[in-house]
Every structure is written in C-alpha cells, then in structure tokens.
Amino acid sequence: MKGASAAAPVRRPRTGPVAALAGAARSDVVRDLLRSPVALLSLLVVVLFMVAAAFPGLVAPHDVRDLSSLDFSDAFRPPAWLEGGSWSLPLGGDDQGRDILSAIIYGLRISLFVSIAAVALSLLIGVALGLLAGFRGGVWDAIIMRVADVQLTFPAMLVAVLFDGVIRAALGQGAHATFAVPVMILAIALAGWVQYARTIRAATMVEARADYVAAARIIGQSSGFILFRHILPNVMTPVFVLATIQLAVAIILEATLSFVGLGLPPTQPSLGTLIRVGNGYLLSGEWWLAIFPGLALLILVLAVNLFGDWLRDALNPRLR
Amino acid sequence: MSGRPPMTLRTGKTLRTGKTLRTGVTRRAARRASLLMGAAALTLLAGAASADTLRIGAQADAGTMDPQAQNIQTTITVLSWIYEPLVTRDENMAKAPMLATAWEQTDDTTWRFTLREGVTFADGAPFTADDVKFTIERSQAPSSQFSGYTAGLTVNVVDDLTVDVVTPKPDPLLPDRLANIPIMDKEWTEANGALTPQDLKSGEESYTALHANGTGPYVLESRAPDSKSVFTLRDDYWGEMADDIETIEFNPIASDPTRIAALLSGELDLVIDVPSQAVARLEASPGIKIEQVDEFRTIFFGFDLANDDPQYVEAEGNPFKKKEVREAISYAVDRDAIVKTVMRGLASKTNQILAPKNNGYLAANDEAPAYDPEKAKELLAEAGYPDGFAFTLDCPNNRYINDEQVCRTLVTMLSRIGLDVTLNAMPRAQYFPKLWERDTSAFMMGFNSPFADGMYALETMLMSRNDDAGEGIYNYNQYANPELDAKIRSARDELDAAKRTALMEEIFSEITDEVLYVPLYNQVLVYAMKDTVTAPVRPDNWLEIRWVTMD
Amino acid sequence: MIVFLLQRVGQALVVVFTVMVLAFLMFRFLGDPLLAILGANSTGIQRDVLRAELGLDRSLVIQFADYVWRTVQGDFGLSYRLGTPVARVLAERAPATIELAATGMILALAVGIPAGIYAALHRGRFGSHLALAVSLVGISMPSFFMGLILIWIFSVKLGWLSSFGRGTVTDLGGVWTTGLLTASGLKALIMPAITLSVFQIAMIMRLVRAEMLEVMRMDYIRFAQARGLSSRSVYVNHALRNTLVPVITVAGLQLGSVIAFAVITEQVFQWPGLGLLFLQSVAAADVPLLAAYLILISVFFVLINLAVDLAYYAIDPRLRADVAAGGRA
C-alpha cells in the first residue's frame, strides 16, 4: 500500500492532529513548494477561493442573498466589457438582475461548504473504521473491509446519485428542499469513506507493530490512549493527501448533482445550480449565465487537483 | 343550434398559406410504384424517409396512448393524430364536423348526432354508433380524466349512423364537450380487455397504454416512451389532409437548450415548446421561422383560502384568507417586468383568470394594479402583517413556458414587501399529484378553458369541490363559497346565451375584485419550425396535424 | 483456488441480497401503494380489501420472499409512470446505455493508452507536459459542463453534430436496438461518447504513464537496455506488456464508472438509456422502476468485479500464493 510507505518518514511519536499537519509541513516540503510555481499558484488559487467563500461579504460586490436589493433592469446585463455592460456587475447579470460575480462567490460558499463538510464526514467515518479495522483486526476487520469492498463495487458518482435520488423520492419534494444540504453532504460522504478506511487500515497495521507502540503497551497505556495519542497522528499524512484529492471529487459531485436537479434548490444556488439555471440561456445569447460559473468551477477543481497531485508526490519519498 | 359550420379547411381549395391543397393520392401512388422497382428501392427508402418525415420536438412525452386516461395537452395533441372526436374545431376555433357530419338539439336535453359514413378504424373495422356509445360510457369511468366532460350523459343508439346523447340538464355546450372525447372502436377495445381507461397508477398493464386504433390519419408505428414515437400515414384515411407527410416522429426532449439546439442543427423540423428566451435567437437564424398566437392559457398564482393554519405558511392564522394580503401580493408583482424580461414580451399582462376570446371575458378585468410595493406594504400592515410572513410556493418546472423562472422572479418581487418565500420547484409528474392532494399553500397554475368558454374554469376552479359532479376538481385553493356556487350554477343552467355571458362576466369580475387568484399574464404560444414546414398554431396549443405541410 | 472462488461468489451473493432487501424496503414503504392505487379519498374498508388482494397483510418475511421470487423471474412490477412492466422498459433502454458505455470505453483505451505511453517515454519533453496538463483539465472538467460546451460549439455554432437522442436506430430481432448501423446513429453517438470518455482518457493516460515509469525503473529493463536491445524492443516487449496487466484490470473496473457517468451524459444529450430513465423515474417518484434499477445495476457491478477478481487471480501468481497462505488480498 502506497499510503503506508508515505507514512514511513514521519514514524515518530507525535501528539494530536496539529502535530501531524506540522509533520506534513516539514521544512523540506515547504522548500519544495516554494520551488514549484505550479503548486504555489494552485495553492494560491485554492486559498483565494476559500477566503472568498468564507467572507463573501468582503469580496462580493453585492449581497445576492438579499433578494429585495435586486434590480430587474439589470436582468441579463452583459459582462462589463461588452456593449451594455456595467462595472457594477463585472461579469454581467442573471435572469433576476443578480450580479453573476457575487452569485458565483455566494455559490462557491455553498459548494465549498457542502464538499468540505462531505469530505470531513467521510474522513471521520473512514478514519474511525480504518483504525478499528487495523487496530482490532479479527471480526471487526473482516466486517468493515467486506462492507468497504461492497461499497467500492459502486463508483462514487453512482452512490451519490442513487442515495440522493432515493432519499429525494422518499422524502417527497417539500421535505427535500429543507434537507437538501444535509442529504447531499451525506450522499457525497457515503460515496467517499472507503478510500480513507483502506488507507488508514493499512497504515495502522504497520504502526501497530512498531516498537514504540509495543513500548507503550508495556508501560501499561490503554488501547484507546495508544490509538489516539500514538498511532493516529502517525497515519494522518496519507489521509491529508487523500482528502485534498477527494475534495476535488466532492466539488464535482456536488455540482453534478445540482446540475441534474438532484441537488440544491434554485433559491440556494450553488455553482452547479447556477450552471443549471444558466444553461437555459446558453442558446439565446446570454452565455455568461452558465459559462462564468462553469469556469469558476473548472478553475477551482483544477487548482485543487494540481495541488493534490503535487502534495502526493512531495510526500511520497519514492518519487523524491 | 344545428351544427353545420363552414368547413373552412376541408372544402377550401387554399390554405392560409396560399398553398394549393394537394390531392396527395397521386404522390402516394407514385411512391408505392417506386417501391416496386426492385432492390434499389430499399436504399432509396432510407433516403426518402428523412425527406418525408416530420420530426417534432416537445418538452415532454404523451403519458399514454389511451385517449381517455390523461387530460394533459401534450397527450391530447399526440393522440389527435390517431383518434378523432365527433366534433372538431377549425382555425377560427369554431366547431366543425369530424366524425359527426351534423348535430341538432331535438329537445332541451337531447342532442342528435349524424355520423359520417364510410369511416373505418385503422384495423379496418367500420365506425358506427355503437362505438360512440361505448366510448362515451368508457370515459365516465373513475379512472378517466375526461369524466368531467361526459358526467351524467346517456347515449341512445338510434341506428348505425345516428346517436342521441341525453344530458341530465339543458347543456348548450354539449358538442363542445364532445370535441374532447376521441372515439375508440368498441370491438377492438373489448377484444384487448381495455374496458376502462388506463389507470396510470394501477397495478395492471393496460393494452391501450402502448397500442392505439383510431379513425385518424396516422397509425402508431412504434413507441419508446420518453424517447421517440413514430406515426405513419394511413392509405385509407377518410378525410382531407393539407399534405401527405408519410411519417411523423415525436421526440420528447426535456432540456430546453438541447431541444432548441436540435432545431438549429437541423435534427428537428418543428418544435412546439419554445422557451421565450430562444425566440429572438431562432427568428434571427436562417432557415427557421416562428409562428405565434395568443394562447388561451392564463398564468396565475393561487393560495390556500380554506385552512386556518396552512401547512406551508409561517404566520399567525392564514394570511391568505385576508383580501388585503392577496391584494398586496398583486400590487407587489411587477407584471410589466415579468412580461418584458422573463417572457421576452411574449405574453400580455392580465388581472383575470380567463384569456381573451373566451366567453365571459371582459377587457376591463384585464386592468391589473400598477406595480406599487409601498401600497403593498401598507396593505400587509393593514391586514396585521407589517413585517410580512414566510411561506412555501409550489411551482412546476417543466409545464408552462419559463414556469420556474417566473416563480423565482415572483419570490424576488415578494421579498421586497417582506414576504419570505421558499420556492419548491418540481417536475410536473410530482407537481400535479401534489396539488391534487391539496398538499399546497401557494401554487402556480396555468389554465386553458377548453371550449372558448369560461364556464369550465368557473366550474372546476371556483366551485366547492364535488368530484362526482366534476365541480371544483381543480380548486387547489380549496375555496368554498355557497353563494358563488349558486351564481355559477345559475349561469351554467341559463339557456339564453346573452344572459349566460352576462352572468359569467359578472362572476369573473367578482373573482377579480376579490383577488381569489393573482393572475399574471396570458401566454403567447410559439412554434418554431424550418422554413419548409407550415404549422398553423391553434390558440389552445393543439397541433392539428391535418393542417401541417412540408416541402 | 476453489476456496477463493467460493469466497468471491459468496461475497457477490451477499451484496445482491443486501441490495434486494434495500430495494424491497423501498418498494414496500416508499410511497403508499394503496394510496397510489385508490387515491386519497378511499375509505378504510376499500384499503383493507386491496391490502389483502395485494398480499400486503402477510408478514414482511413472506412478502420479501415473494418479492425475491418474482424478481428472480424478472418480474419487477409495473412502472407507476409508464404503466408498463419495468423489466420491459429496462430491456428497451439497456442497449442505448451499453452502446454508449462501450464506445466511450473503447475510445478511452484507444486514446488513453498511446497517450500514456508517449508521456512516459518522452518524460520531461514539451509534448509530455502538454499531455499531462490536458489530462488534468480532463479530470477536473465536470462532464455536464463539457457536454454543454460541445453542444454549443458543434451543434449550434457549427451545426455538424447531433445534440440529442440516438438518431435512427435499427431493430435487431426485437431484442436489441443499435444506432451503429446508420449514419445518423453514428453521428448522434460522437459527442456523448467523447463527453463520457474524457475523464476516462485522462485517468487511463495517467495510469499507463505511472505504471510505465515504474516498470522502466525495474532492474530487468535496465539489464535489457544494458544488453544492447533497441529501446523500441525493450519498450514494446518488456515495459508495455508488464504495464498493461494493471491497466486492463483498472479498465474493467472503470467500465462501472463509465456506466455511472453515463447518467449525466445521457441527461445532457437526452440519450434514451438507463441513466436518463433513472433520473426521469426519480423526478416522477416511480418507485418500482427505481428499485429495479438498483438491483440491475448492482448485479452488473458485482459481475464486473467478480470477473476482474478472477482475471487478476489468473494473471498474478503472487496473489495465489497470498491466498493460499491465508493472507488478505
């Protein structure tokens, strides 16, 4: 398992996940980062998008959540550099007169919230089950890994679409609007936990046999203590790499579900919903409604993927 | 009222387009001859098929091939290529003979229909009075969505080509009602065990869901639900056709841009559900033309007017029961902006639920309050909701032109007067059952009165609900007002046409004054087609295939 | 060998059984069938009568056994929305999806493998960087957005390609319909197949490149080069052959993901396959169809996995030793 070897250079007892992060950010990795313009640029883009999503009020020209502030005379206003455009709506206006740039930023907020929450949840489930399987072994391991095998049978996209579709049918339309966000987070999280569980299990099995764990056992530390104070921090590095790559997958999943109408309602527009709505105007000449949110989505996913790729290589000693 | 309206189309030598009516027979004969020319004919056929195939694109598929199961315009339109009613409409929407050549009222409640001679069903069986009796009785089944047209009728067969239809009460609209009942063959239907209309939710497959046998010009060649249905021309059709298009392909394409792209790229010849925003683009495209007409369909919003604590409203009591609140909503809607931006000018604003040219329509009722959010806020405060309230608006997203966009715009507009609206947009397959269960507090509706007469709208949308009598079946606002019921009944039973119209006008004025619904606009219906196609648009969005020509 | 085989088949059966339980619960409890048939105004007595008629008053276990029995016979009930047997609808739609997925997969292999080999052999050159960069965009591009742009350019702007449906299809003996025999069918296939394969091309290309680089670092390749064999012969005879084993395995598994992504592609291009049917059924809450789709797709995936497992077992001798020693695969 590649993850196990990636964990190898940090096999020193550490405490807490923060320390693990610090481990990932060892000085040589930082030096690597500074030397790679592509990685640096992609990290910059990701951070920029995240900051914009975290503080939309500071970045977005308009607060698009306040529907009463919309002006219908701005509906379908072209981007600023085209005839009829205005710099108050730099990327143009949508069918409600909403500023597209602001809509993208607020949409980004929802998209990132859903995908980060989904990744966090699948990480939580995956790490917990992976630790259990790796540390306890035996029946636990057999059950968890068989379930993982079953789950792996189905591609993430299909799991998310099936889960969301079935829940949607079960809840009925009215209730679904209320639960759209949690249902989506759950759908995407369920689609992704297996990867973490398998990685963590493999790494844990290696760690559990390590000398320091044996030493801890000898001095009478409890299993739980050993698990969380010693083993967990040392197996987290591959998980962070995986989480970065999974974030890109989650963002695409969210957008795709929203686009096919299984996602968020039009009153809570995520990037995927913006593209779905804009799609209706693609042929009537108002291309900016769909194209700009689409580009934002593409740039974000590309940046996350580039950074994830680089991170994987940087933390994989075999490729150094 | 003896029915022999001028047969504008069938006897006329020229169509509106000025094109001479082709006899059709010679061309068909020529094609058949060419088929006999041997092996080469097979390859020719593949090439010829596209030249003489009309490919139609629409938003949704016909739900069934059973003509009495689903009262939705798309289904009705598609089935009208296969099945035919006794009475039809000409291009001025006047009644015209179809399977009946004449009809007259023999007493207050009895109508005598003389049937057309020599008409056969596609399977060769002759069309007779028995078929009429059978069909009308079949349409009265609970699983029929057409029972509203035929409730209480009795049919007496006089001879093979004459039937008497007896109405429970004097009913001047009987021929109009029967224009919605396509005739099925008794023997064929019985032989295939389809005695009742297909119940779309029952556990049994109905033969008629996928098979059809009518007197109309086309027969069902193949059907893949939601994907493609193919119809071919009958050689022995009794009536006249403007053209003799050999094959019709009906393609449901749910995605608006994909459907329009298909027309632009030449994969479709005619699109009958054109989103307003695509019209300008299509008009500017070479080789494509637009036909439009003011549709009989009015778009309006309705609200729960019955429950004291509506399910999807967060407010003290039921605000919608207060006239001021409904007025406030009407004042808060900028109809001009919706018509201009969302509908791209392809709509005319209104303040009543009945479109022009319908009996009962009064131009004065069209006068909608000017957009005035301040006045709306005052009205809300007067009603006891100075800070507004929250509710959920149910809305279809694939039924009316730009339905979801209109709803989103409404949400935006209402937010300005402090109403916090959650939009719940869904496909029609979920929307209408939800409304039918009255599981809604606020909803969008588009209504098209079927026989150019406002009575159907009054009966079905404003009377207290009584399913057996077909009354109030669409009153999704659950309004129940015995006084209004009585007024509508008296108008319905009035035999003097002028008096009846006056009564209806009065009732529609009252509905407008009381703001029982908040009307927005009347749709303009747009068909887009290749230059080589001529497809006149009927204002009830009924694509009359017998009028369509293609070069 | 037998133990391994039985283990895998047993596991597959457990998966199918679990999915059937899920599908049954959905079928039984999602949307009240009584209400759906009788309508909201039905009386309690009417419902009791129908409940007995439909066998809904029996114990759940018996109902489930009945459900399994009917499912095994291919009886999935009637679609609420279409009023026709679910099995027939699925059979009608399956050829469209299978043709699209197969074309997409072939395209992905035909482009992805050569591109990956090129990128590995010309490591560090401009062409290789370009291929990698393009592949990253391919992985990052949501397929629906790709489809929209393709339609916009090739159908609307240029008018070259078909934007919806399968074109003219030929019926082969009533069991299969194909779009591959007509010009319009082939034309209609181009854009959906490209949209579907872009992600796979990128995946396979990166995989081939990584595997190839790995193999080329191996000692025996170095020895072969040291022995003076031409690089062409080394690459083709040694490196590529060893690279392709994992690639083919992954390609098998990717076939599953192609079917999954087909849902999106079918929606964008209104391709009348199973994926579009699934989305339409979700919109209409057509529970019998959803349940059947769930079972069908699971069986399909289980079969693919089983096949891949067995192929892997046959190819890789180490795995055999591992299984024999009781280790985890």
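Letters A, B, ... mirror the listed sequences (proteins, then strands); counts begin at 1.
- Judged as a side-chain hydrogen bond (donor to acceptor under 3.5 Å, both in side chains), and not counting sequence neighbours, C/Trp271 has no contacts.
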Return a table of donor-acceptor pairs under 3.5 angstrom between the side chains of residues 148-157 of chain C and protein atoms on other chains or two or more places apart.
from	atom 1	to	atom 2	distance (Å)
C/Ser155	OG	C/Leu161	O	2.9

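- Contacts of residues 131-142 of chain C with chain A at a heavy-atom distance below 4.5 Å involve C/Leu136, C/Val137, C/Ile139, C/Ser140, C/Met141, C/Pro142, listed in sequence order.
- Residue A/Asn279 holds its CG atom at 9.5 Å from CZ of C/Phe144, rounded to the nearest 0.5 Å.
- Partners of C/Ser162 according to the side-chain hydrogen bond (donor to acceptor under 3.5 Å, both in side chains) rule, which considers only residues two or more places apart in sequence or in another chain, are B/Glu267.
- Both the backbone and the side chain of A/Leu302 come within less than 4.5 Å of a heavy atom of chain C.
- In this structure, chain C has no heavy atom under 4.5 Å from any part of A/Leu300.
- Taking CZ of C/Phe145 as the reference point, atom CG of A/Leu271 lies at 10.5 Å (rounded to 0.5 Å).
- Contacts between C/Val268 and chain A at a heavy-atom distance below 4.5 Å involve the side chain alone, from C-beta outward.
- A distance of 11.0 Å separates CE in C/Met146 from CG in A/Leu298, rounded to the nearest 0.5 Å.
- Proximity to chain C is absent for every atom of A/Leu253, based on heavy atoms less than 4.5 angstrom apart.
- Each of C/Leu276, C/Ile264, C/Val263 was checked for a side chain to side chain contact (heavy atoms under 4.5 Å, CB included) with A/Val260, and the lone residue meeting it is C/Ile264.
- At a 4.5 Å heavy-atom cutoff, the contact between A/Ala255 and chain C is made by backbone and side-chain atoms alike.
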